[in-house]
Amino acid sequence: MSGRRLGPAFFARPVEQVARDLLGRHLLRVVDGERLVLRLVETEAYAGETDAASHARGGPTARNRAMFGPPGVTYVYLIYGLHHCLNLVCGPAGEAAAVLLRAGEPLAGLERMAALRAGQPRRDWARGPGRLCAALALDRRHDGLVLPHPELWLEAGTPLPNAAVARGPRVGVDYAGAAARWPWRFLEKGSPWVSRVSRAAAP
DNA sequence: GTCAAGATTAGT
DNA sequence: CTAATCTTGACG
C-alpha cells in the first residue's frame, strides 16, 4: 500500500502549506468495490472570506457550506453547470479555506477510469479539476464528506522535494484583483499529467 | 422577479 | 474562439 491514511491533523494547517504538501500524495476512491488511485500533481490553495478569489468570500451559502466545516471535509461544487471540482477543507473550522485538486497521475483502476471518462484519450483521464472528478465519479453527492471516508481518502504516498515543485498564480480568477496574482498554484515540475493551462504556461 | 458571469472542457 | 448549462449575487 501507499501508506497511512491522512486525517484532520494533516489538513489543520495553513492552506498554502497543505496545498504544497499534497503533491505526491495518493487520492484513493472506491467505485463499485474497485479501488482507483491518483497521485496528485497539481493543486491550488484558496483562503476564506479574506480571499477575493475564494468561493467563501461572501460568507456561507447553500453551495459552499462545507467550506466552513472542520479540516478534512470535502467541498464539491458544480461549475458552469457542467463540471464538478473537488476541494479539501484546511485550517481551523470556520475559516473556510480549501485546496482545489486540479490534476493527478492515475496509478490504479485505469480501466474503470477509462469507462467513466467515456471515450476520452487515455492520457487525459485526470488532467484538470473537472476531468479529475469525472474520472473518480465524484459529484455534489460527495460534498461534505469527512476524510478519511470508506469510499474516498488520502494516503501518505511520497511527498515531493522542493526541487520538484513549481508554483504560479491561480487559474481562471482574473476577477479577484491582487489575489489573482498570489502564487498559490502548485504543481510537479515537468509532469505530463498537469492540467492543460499549466502545461501551456510551462517553459 | 431578471440577469450576467463563473476555481471548465470539448469541439470548430 | 465558443457553446454547453446550473448556481449565485447584484439589482429592482
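Below, read A as the first sequence line, B as the second, and so on, with proteins coming before strands; counting in each chain starts at 1. This structure is a prediction, so every number in the text was calculated from the model and none was measured.
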Under 4.0 angstrom, heavy atoms only, what part of the nucleic acid is [X] near: base, sugar-phosphate, or nothing?
X        : answer
A:Arg63  : sugar-phosphate
A:Gly130 : sugar-phosphate
A:Ala176 : nothing

What's the closest nucleotide to the side chain of [X] if the choices are [options]?
X        : options              : result
A:Arg196 : B:dT8, C:dT8, B:dA10 : B:dA10
A:Tyr80  : C:dT8, B:dT8, B:dA7  : B:dT8
A:Leu78  : B:dT8, C:dT8, C:dC6  : C:dC6
A:Thr61  : B:dT9, C:dT8, B:dA7  : C:dT8

Only one of A:Leu147, A:Leu88, A:Leu22 clears side-chain contact (heavy atoms from CB on, under 4.5 Å) with A:Phe10; which?
-> A:Leu22
Should A:Leu101 and A:Leu116 be regarded as members of a common hydrophobic cluster, given that ILVMFWY residues are connected when their side-chain heavy atoms come within less than 4.5 Å of each other, either directly or indirectly?
-> yes
Does one hydrophobic cluster hold both A:Leu6 and A:Leu132, with members joined at side-chain heavy-atom distances below 4.5 Å?
-> yes
Counter-base of C:dT5, judged by Watson-Crick or G-U geometry with both distances under 3.5 Å | none
State whether the number of non-hydrogen atoms from other residues, nucleotides or ligands found under 6.0 Å of A:Arg65 atom CZ is greater than 12.
-> no
Rounded to whole angstrom, note down the C1' distance from C:dT7 over to B:dA10.
-> 22 Å
Does A:Tyr46 lie flat on the base of B:dA7, that is, centres under 5.5 Å apart and planes under 30° off?
-> yes
Could you tell me whether the side chain of A:Tyr175 has a donor or acceptor atom within less than 3.5 Å of a complementary atom in the base of B:dA5?
-> no
